[in-house]
Structures are given as structure tokens and as C-alpha cells.
There are 2 protein chains.
Amino acid sequence: MVEKQITLQLDFRSGLPIYTQIVNQIQSQLVNGILKPGDQLPTVRALALELRVNFNTVARAYRILDEAHIISTQQGRGTFITEIPPPEVSEKLRAESLLELTDRFLSEASRLGFSEREVSQMVRDRLKSRKEADVQEKDE
Amino acid sequence: MVEKQITLQLDFRSGLPIYTQIVNQIQSQLVNGILKPGDQLPTVRALALELRVNFNTVARAYRILDEAHIISTQQGRGTFITEIPPPEVSEKLRAESLLELTDRFLSEASRLGFSEREVSQMVRDRLKSRKEADVQEKDE
DNA sequence: GTACAATGATACAATTAGTACAATAAGGAG
DNA sequence: CTCCTTATTGTACTAATTGTATCATTGTAC
């Protein structure tokens, strides 16, 4: 069986539950083409083993994604990305996933006591230095 | 689970409330490097048992530390020293931490295919809506 | 004695783990 | 090919572990 080898980065110390992190990351990877419709995801047990979590935690994430019609889980067969995500849904998901990612970032920063001002300043700075790095690459 | 075995010396006759003593000692152990960012603290029940106090007293201490962004408590999971030290511990470390956090966020956004424009726009939006939510809270 | 802060008791909620089960697929016996 | 057995997969239910919320009790200062 050819399950897609997916890479998830869990942070066990972030305030976010594991199952939420799995949901978010799979959703993001779909929206941005890393996962594609029809792809088979790892089995609940395989992914659980890889992530060192209980397989029910993965199952819970899969159930949430299933209820959102993002994946289709089939007892005895496996779990697949749904074939036809309507474009509008896809675009909506894309926006949502950036929103979620951003909110996670801002929440974490806030939780750590950084002010809004510090955060926005740092985002500007780092975006700027990234752009400069890009330009340099092109020059070479 | 591997909770850090921490040693606290309570003085029940000092007049200082237990929860204050717990707060102070955890804080100073962090400052002194005995506790490190990412460490998991004992559960409220385990520490309470060890200290022979009610677990609500420990919970109260943890809540105070949480509000000071020194630890992060997660229902059903446990309690952890925050990854990033509060300002009084080290201003330099703190700045570096925000940088790392921001870079992780920007890298992830980039990996997922979002443009710089989309990202900075979303950060502005969400900072704005957070500010509005805060104002509302204060009104109540 | 009253008021207030600290602590304790109890019930609750969220997350994760354990166990047994059901549906499907796969492979072999006949 | 058909039937049976077994392995694989997701599901359901329950238990264990964790922090939270609320109220009661205690003790101390006035």
C-alpha cells in the first residue's frame, strides 16, 4: 500500500491539542498542494506511531477532517483526501489556513508576553530581510 | 510522562501564603537555571501530594505563573515552562525568541505558498481584530 | 463577632490512552 | 471461482490523567 509519507511537526508544549495540530497541518498541506485529492493518508496507527501519540488521537483528527469533508475515512480501507474539493471551498480553506496559522502565531506571541507593537515590528523586519535574501539569490 | 522532579521548601509558619511560596520558588528556579524552558512541571496533584497541600493551592500558584506567561498550563495535558523567558529573566533572549518565533511563522507561511503580501495583510487584520476584542473585554 | 484571605472539598471539562469491535481486503483451500 | 480465514483498517466506548470552577471551611486581623 502506498500511503503518502506526510511530515507533521507537532509541538507538545504549545497550548494546542495534538489532534488540532494534526487537523491544521493536514488542512494546510492540502490547501497548498502538498497533499492532493485522492492521496491516501497514513493509517491512524501508522501516523500515530510516527508521531508517538495514541492512534485514537490521530483518529480524532481524521474524524474532524472527515466531518469537514476534507478527507474520507473508510473503515477497513483507509483514509483519502476527498476527490473533488470545489474551487470555492478550496479557496476558502486556503484563506482559513493562513488565518489559522497567523492566529496561532499571534496567540503564541501574546502568550509569551510580546506586545502587538513588538510583533508587528518583528514581522516587518523579517519580511524585509527575507526579501533581501531573495534578491541576493537572484543576483548570484 | 517525565515530569521534572522539583524540590520546593515550604515554610508553613512563615506567614507567606503557600501559593506565593510556590510561585516564588518556581520563578527563582527558572531564573537560576534549575528549571529550563520547555520543562514539564509536576501535575497539580503530584506536587500537592509531595508538598502535603491541597492541589487547588498548587493550581492557584500555577495560574498566577501562567498569567505571568512564565508557564503554560494545558487542561488534560500538563504544565510546562514557557519556551521563552519573561523579560526580567533576559531581555536579549527574549528578543531572539520573538525572532525565532516569527521566522518559523514566516517560513511555514512561505512553505504553504502564501505570498509576502498575503501574510503581512493577514497579520495586520488579525492584530486589528484582536485589539478590538480586547477593548470589548474591558468594556464588560 | 465580622470580614477577608487562604486553603480544602467536590464536581467538572478537556485531552489522551486502552480495549474491544466491525468493515474491508487479501490470500489460500477446495 | 467460491468460501473461509486472517490481517488491516477505522470506530465506539470507556478509563485515566490533567487542569478548572465553584463553593465551603478555616484561621487571623480588626
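Computation of the quantities below employed the complete heavy-atom set of this structure, encompassing side-chain atoms and omitting hydrogens, waters and symmetry-equivalent molecules. Every chain is numbered from 1, with letters handed out A, B, ... down the list of sequences.
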Spacing between A:Phe80 atom CZ and D:dT9 atom P, to the nearest angstrom: 10 Å
With distance as the sole test, does B:Glu116 use its side chain to make a donor-acceptor pair with the main-chain N or O of A:Lys128 at under 3.5 Å? no
Within this structure, what is the CD1-to-P distance between A:Ile64 and C:dA14, rounded to whole angstrom? 13 Å
Pair B:Arg124-A:Ser120, side-chain donor/acceptor within less than 3.5 Å: no
Quick one: look up who D:dC30 pairs with, Watson-Crick or G-U, both distances under 3.5 Å, and put none if it's unpaired. C:dG1
Find the distance B:Leu47:CG to D:dT17:P and express it as a whole number of Å. 18 Å
Would you say a side-chain N or O of A:Tyr19 is under 4.0 Å from OP1 or OP2 of C:dT16? no
Would a 4.5 Å heavy-atom cut-off, applied to side chains only, mark A:Phe55 and A:Leu49 as touching? no
Short side-chain to backbone donor-acceptor contact, B:Thr82 and B:His69, under 3.5 Å: yes
Would one find a side-chain N or O of B:Thr57 under 4.0 angstrom from OP1 or OP2 of C:dG8? yes
Roughly how many Å is it from CG in A:Asn54 to C1' in C:dT16, rounded to a whole number? 6 Å
Could you pull out all residues at least two apart from A:Gln75 that satisfy side-chain hydrogen bond (donor to acceptor under 3.5 Å, both in side chains)? none
If the test is side chain to side chain contact (heavy atoms under 4.5 Å, CB included), which one of A:Leu65, A:Leu35, A:Val23, A:Ile64 qualifies with A:Ile70? A:Leu65
Distances under 3.5 Å between protein N/O atoms and the N/O atoms of nucleotides 10-13 of chain D, please, pair by pair.
unit_1, atom_1, unit_2, atom_2, d
D:dG10, OP1, A:Thr79, OG1, 2.9
D:dG10, OP2, A:Val44, N, 2.8
D:dG10, N7, A:Arg45, NH1, 2.7
D:dG10, O6, A:Arg45, NH2, 2.8
D:dG10, N2, A:Gln75, NE2, 3.0
D:dT11, OP1, A:Thr73, OG1, 3.2
D:dA12, N6, A:Asn56, OD1, 3.0

